[in-house]
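Below: one structure, written as structure tokens.
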Amino acid sequence: MMKRLSMLAAFFAFASGAALAAYPERPVTLIVPFAAGGPTDVVARIVGDHMSRTLGQQIVVENVTGAGGTTGTTRAAQAAPDGYTIMMGHMGTHGAAPAVYPNLKYDPLKDFAPIGLAAGTPILIVARKDLPPKDLKEFVAYAKQNSDKLNEAHAGVGSVSFTTCSLLNSILGIKPTRVPYQGTGPALNDLVGGQVDYMCDQIVNLTPQIQAASIKAYGIGTEKRSPALPDVPTTKEGGLPEFQVSAWNALFAPKGTPKEIVIQLNAALVKALDDQATRKRLLDLGAEIADKSGRTPEALEKLVSSEIARWNKVLKVAAK
Ligand code: MLT
């Protein structure tokens, strides 16, 4: 009996080892929970492009939009944990969402296996190019006087743009009309077109439009200016030091994905972030790339847990 059991155990170990050794044997779906062309989509496609080459299989981006990114994130949480569905989450889906959705259908910590951090994304306050204020000081005064006339674009409740502008609006004590989109890709099109007045967004979405002067940038919420946009002052320089905020994008697999597969996906991500051409594409857009110790699944797990605590506090104050 014992002998038969140990033969069976050996067989299953061999079978699962063989399956893992073959991974991936078909394309991997990468869920982006926002519209195509926006920051999450852009980072996913840049990183996914290089990871596809490492893995020898296509990484196919699927945009599953809705509810500030929580629809796609729920889909990813409930996908088969076999390594063939992963997602690009961010500070909103895995940090802020629990604070604004009491009935959220996933737990960012319990329902996901973190793979690794893909990019740090500083946040900027931007406006349509013909909004009267010339700089951040003028914007603050203008926004306070015209709060009820202003339209602010965001990517849905719980998204990065929503949460960071909730912080901005609460600092300024203003209540603009908040206009939701399926992502800040389409929101940016309307900002360029002048249909909305301002938004808070991740740098990777904004750099080309700021460089082309199709929109105005009032300030970046980081300690230092970004090398990608050296002319944009920090919010501290602009007189609004309370608005210190950054976001991030990271890869997650559904909880239960075999550890060996998570390690393989993390190694492909790390390799992408070390690749000169991939780095340049990200850095040119203003993304920040973590050093090696910041790219591990463990580092991402810690980040998610500290972000949940941070945004829970910030959004409670902002909702008052
Ligand atoms: C956000 O505001 O959460 C993002 O900009 C979403 C996106 O990728 O469009």
Side-chain angles (χ1 to χ4, degrees), residues 30-48 61-76 87-101 104 106 108 117-127 151-169 176 178-192 196 198-210 215 217 220-221 243 245-252 282 285-288 303-304 307-308 310-311 314-315 318:
L30 172 52
I31 293 180
V32 165
F34 293 99
T40 317
D41 186 73
V42 165
V43 173
R45 287 176 198 273
I46 293 176
V47 165
V61 170
E62 189 185 339
N63 299 87
V64 182
T65 63
T70 60
T71 303
T73 308
T74 303
R75 169 95 66 92
M87 79 164 293
M88 185 62 83
H90 72 356
M91 180 273 265
T93 57
H94 284 71
V100 287
Y101 290 100
L104 196 62
Y106 63 87
L117 190 63
T121 53
I123 298 294
L124 287 96
I125 304 167
V126 291
N151 291 316
E152 173 229 312
H154 63 81
V157 174
S159 65
V160 165
S161 43
F162 176 87
T163 53
T164 54
C165 252
S166 298
L167 173 65
L168 175 69
N169 297 341
R178 309 196 74 181
V179 188
Y181 290 80
Q182 300 290 356
T184 50
L188 181 61
N189 290 340
D190 276 7
L191 194 70
V192 171
V196 285
Y198 75 106
M199 71 176 177
C200 305
D201 197 14
Q202 299 172 73
I203 193 165
V204 290
N205 199 33
L206 306 171
T207 300
Q209 300 291 5
I210 294 171
I215 55 170
I220 184 165
F243 191 76
V245 66
S246 254
W248 45 269
N249 291 108
L251 289 176
F252 296 87
L282 290 169
L285 291 173
E288 294 171 348
L303 176 67
V304 169
E307 288 283 83
I308 292 172
R310 169 174 177 234
W311 283 102
V314 172
L315 291 168

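Atoms within a ligand are numbered from 1 in the order they appear, just like the ligands themselves.
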| query | Can you tell me how far CD1 of Ile125 sits from SG of Cys165, rounded to the nearest 0.5 angstrom? | reply | 7.0 Å
| Where at least one partner belongs to residues 178-188, residue pairs that pass salt bridge (Lys or Arg N to Asp or Glu O under 4.0 Å), sequence neighbours excluded | Glu152-Arg178
| field | Side chains of Leu188 and Leu206 in contact at under 4.5 Å (non-hydrogen atoms) | value | yes
| task | Identify which one of Ile203, Val245, Asp201 satisfies the side-chain contact (heavy atoms from CB on, under 4.5 Å) criterion when paired with Leu124. | result | Ile203
| Heavy atoms, side chains only, cut-off 4.5 Å: are Leu282 and Val47 in contact? | yes
| task | Determine the interplanar angle of the His90 and Phe34 rings, folded into 0 to 90°, and report it as parallel if under 30°, tilted if 30 to 60°, perpendicular if over 60°. | result | tilted
| task | For ligand 1, would you mind listing the residues that have at least one heavy atom less than 4.0 Å away, ordered by chain and number? | result | Phe34, Pro39, Thr40, His90, Ala155, Ser159, Val160, Ser161, Gly183, Thr184, Asp201, Gln202
